[in-house]
Amino acid sequence: MLILTLYSSNAPQEKKLSTSQQETLQSITDEIKVINKSLNGNENLWIRRYNSYLKYTSINNQIKTIQWKLKHTKPSSKNPEEFQILSNRLEALQRQKNFFSDYEGNPYRELTEVKEIEDIPRVTNPIAIFTGINFLKQIKAQEKTLQTNQKTLKETLALLDQKKDLLTQLLKLQDKQQQYETLKELQKIQSMKLDFQSAQSILETSLEVFGRRVTELDLSITSQIQKQTLKTIYITILCLVVFFIALAIKMALRKYLDHERLYIANKIINFSYITLIILILLLSYLNNITYLVTFLGFVSAGLAFAMRDLFMSVLGWFVIVVGGALHAGDRIRIHKDSTTYVGDILDISMTRITLLEDVTYNTYVETRRAGRIIFIPNNFIFNTVISNYTHGGMTTIWDGIDFTITFDSNYKKAVEIATEVARKYSKPHIEIGKKRMSRLKERYSLKRISLEPRVFNMIEASGMRISVWYQTNAFTTLNVRSNISGEIIDLLSKEQDIKIAYNTTKLVNTGSDGVWERFTHGDKHETKSVF
């Protein structure tokens, strides 16, 4: 007993739990994990805002600490870097603080408060009916958002209470070191509950006040909508009556008038009933004639906006023709809506560019189809990057092939092989490129650029990557790439000291079917997965 007492005085003795206590402990732990998963989910805005508020508070405290140190620390020759390190750290923390500036003061402001309802519409004509309906939808959506926040907050508080009860039960089954951590968690939960209860009080008040306001506006605007709906129905019926009366008069006059007089009479009747309908509408909404002006203004603006692309396309055609950036027969590349098109220009009209999609490396990698006729509006030239492969008479471009060899390979020999193959296939294109580039120097400030093949070797995770760049014809890029790739592979396969690196999978046969097996070693039991 003396030995046990001395041992327990030097180190905390772990509690020995019975089987039922261990089961209870495991059950409580599992329940806490489930609650933590619900609390820390992305949909719980309250916990996320609370954690962001803690982060903001921590950053703010660090800033104050560093500011105090800077105030009492002077640059010295013994430690000249200390002052600079503190300054840099302060600047970084201040930038972080800006990201969390919304959580200063009340971090739950956006979840508990609502903005004052402004611009309340008055439904005085049929067009304003839709404005009133949309307004009611908006304020009801805001009210529903508040109700959802209130429901989420209640659920969060309930989960915190459950977690608090579970942690309290857990204390009875833990040793002193574990109890310390549990007590810290209980303290954190209590702090969260106090914050959330305060926010709940504000939210309930906001929801009550806003709900009353929404109810009042709903009754008022709904009443206005009903009145305007009835008024619109009456006016529509009156206009239809006028129309059918005019139609009846026309049919009656056919029996008594000849064709020429009937034509004149129909014109007079049409003018009369249309004028009468316009007068009915003006008299019905004369006190709100400004809405008619606004409506016509919106129609005009809508037409101008709808025709904007057409006007910009015509302007784009003028820029293309005068600037000479694109010509029929040029091979271009354009990217729009996550799709890239490469092809030859067939025609440039005043509104659009007609493009024939060719089989290229782009179609091989991305689209997997070619031969389509693509219509590109001319206004794309103002807001989309268009690559011209044959601008200024150029017919050659740079293309590249990458391959990786193992680290133990003779990379210098691989570079020589790749260079010779690239030079072989690019030689005719180099001569053409030099002639065309000399012409470009007359128009652009172009420096002397070598068109000889370029080979780069870079260290990668899986080996030495060799990148071969060469001149090729813009219209036969895929064919040249295919020929160079095939010949490089053929030549490399003949070399004993060069091995191409690629991803491999190794299978090890353990004689097991991969199920879980249980092994017994004396009094200890171990469970593991065998694959």
Tell me whether [X] contacts the main-chain N or O of [Y] through its side chain, where contact means a donor paired with an acceptor under 3.5 Å.
X	Y	value
Arg213	Val209	no
Thr236	Thr232	yes
Thr156	Thr152	yes
Asp218	Val214	no
Glu460	Arg465	no
Thr363	Val359	no
Thr205	Ser201	yes
Thr404	Gly463	no
Trp68	Ile63	no

Ile237 vs Ile235, side chain to side chain contact (heavy atoms under 4.5 Å, CB included): CA-CA, chis, key distance, verdict: CA-CA 5 Å; Ile237 293 174; Ile235 293 173; over 6 Å; no
If we only count heavy atoms from C-beta on, is the [X] to [Y] side-chain gap below 4.5 Å?
X	Y	result
Thr351	Phe375	no
Met464	Met458	no
Thr340	Arg333	yes
Glu143	Gln147	yes
Ile280	Leu238	yes
Asp161	Lys193	yes

Under a plain distance cut-off of 3.5 Å, with no hydrogens placed, do Thr360 and Asn362 share a side-chain donor-acceptor pair?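 Side-chain D/A pair, Asn362 to Thr360: absent.
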I'd like to know if the side chain of Ser409 pairs up with that of Thr406 as donor and acceptor (distance under 3.5 Å, no hydrogens or angles considered). yes
To the nearest 0.5 Å, tell me how far [X] [atom1] sits from [Y] [atom2].
X	Y	atom1	atom2	value
Trp469	Phe456	CH2	CZ	8.5 Å
Leu356	Ile374	CG	CD1	9.0 Å
Ile405	Ile466	CD1	CD1	4.0 Å
Ile66	Asn61	CD1	CG	11.0 Å
Asp195	Gln200	CG	CD	12.5 Å
Thr131	Ile221	OG1	CD1	10.0 Å

side-chain hydrogen bond (donor to acceptor under 3.5 Å, both in side chains) with Asp165: which residues, sequence neighbours excluded?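 Expected list: none.
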Counterpart residues, side-chain hydrogen bond (donor to acceptor under 3.5 Å, both in side chains), relative to Asp402 (two or more places apart):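 Per chain and number, Asp402 pairs via side-chain hydrogen bond (donor to acceptor under 3.5 Å, both in side chains) with Ser467.
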Worked check of side chain to side chain donor-acceptor pair (under 3.5 Å) between Asp30 and Gln26: CA-CA 6 Å; Asp30 292 340; Gln26 183 63 37; 3.0 Å; yes
Minimum heavy-atom separation for [X] to [Y], with atom names?
X	Y	value
Leu136	Leu217	CD2-O, 4.0 Å
Ile139	Phe210	O-CE2, 3.5 Å
Ser485	Ile401	OG-CD1, 3.3 Å
Ile459	Phe407	CG2-CE2, 3.9 Å
Pro121	Phe135	CD-CG, 3.5 Å
Ile277	Cys239	CG2-SG, 3.7 Å

Would you please test Ile397 and Thr477 for side chain to side chain contact (heavy atoms under 4.5 Å, CB included) and show each step? CA-CA 9 Å; Ile397 60 172; Thr477 306; 3.8 Å; yes
Residues that [X] engages under salt bridge (charged side-chain N to carboxylate O under 4.0 Å, His left out), provided they are two or more places apart:
X	value
Arg369	none
Lys163	Glu185
Glu357	Arg372

Going through the distances and angles, do Arg481 and Asp399 end up as a side chain to side chain contact (heavy atoms under 4.5 Å, CB included)? CA-CA 8 Å; Arg481 174 187 282 261; Asp399 193 22; 2.9 Å; yes
Does the ring of Tyr341 carry Lys336 above it, NZ/CZ under 6.0 angstrom from centre and within 45° of its axis?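 Checked: cation-pi criterion not met.
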Does NZ in Lys55 sit with more than 12 non-hydrogen atoms of other residues, nucleotides or ligands closer than 6.0 Å? no
Phe382 atom CZ, over 12 foreign heavy atoms within 6.0 Å: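 Count over threshold, so yes.
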Gln162 pairs by side chain to side chain contact (heavy atoms under 4.5 Å, CB included) with which of Leu157, Leu167, Ile32, Ile35?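 Among the candidates, only Ile35 passes.
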Glu216 with Arg212: basic N within carboxylate O range, under 4.0 Å: no
Output all residues satisfying side chain to side chain contact (heavy atoms under 4.5 Å, CB included) with Thr229, sequence neighbours left out; order by chain, then residue number. Ile129, Ile225, Ile233
Could you please spell out the steps behind the side chain to side chain contact (heavy atoms under 4.5 Å, CB included) verdict for Ile332 and Val342? CA-CA 6 Å; Ile332 65 172; Val342 178; over 6 Å; no
Show the numbers, then the answer: is there a side chain to side chain donor-acceptor pair (under 3.5 Å) between Thr222 and Gln226? CA-CA 6 Å; Thr222 302; Gln226 292 175 351; over 6 Å; no
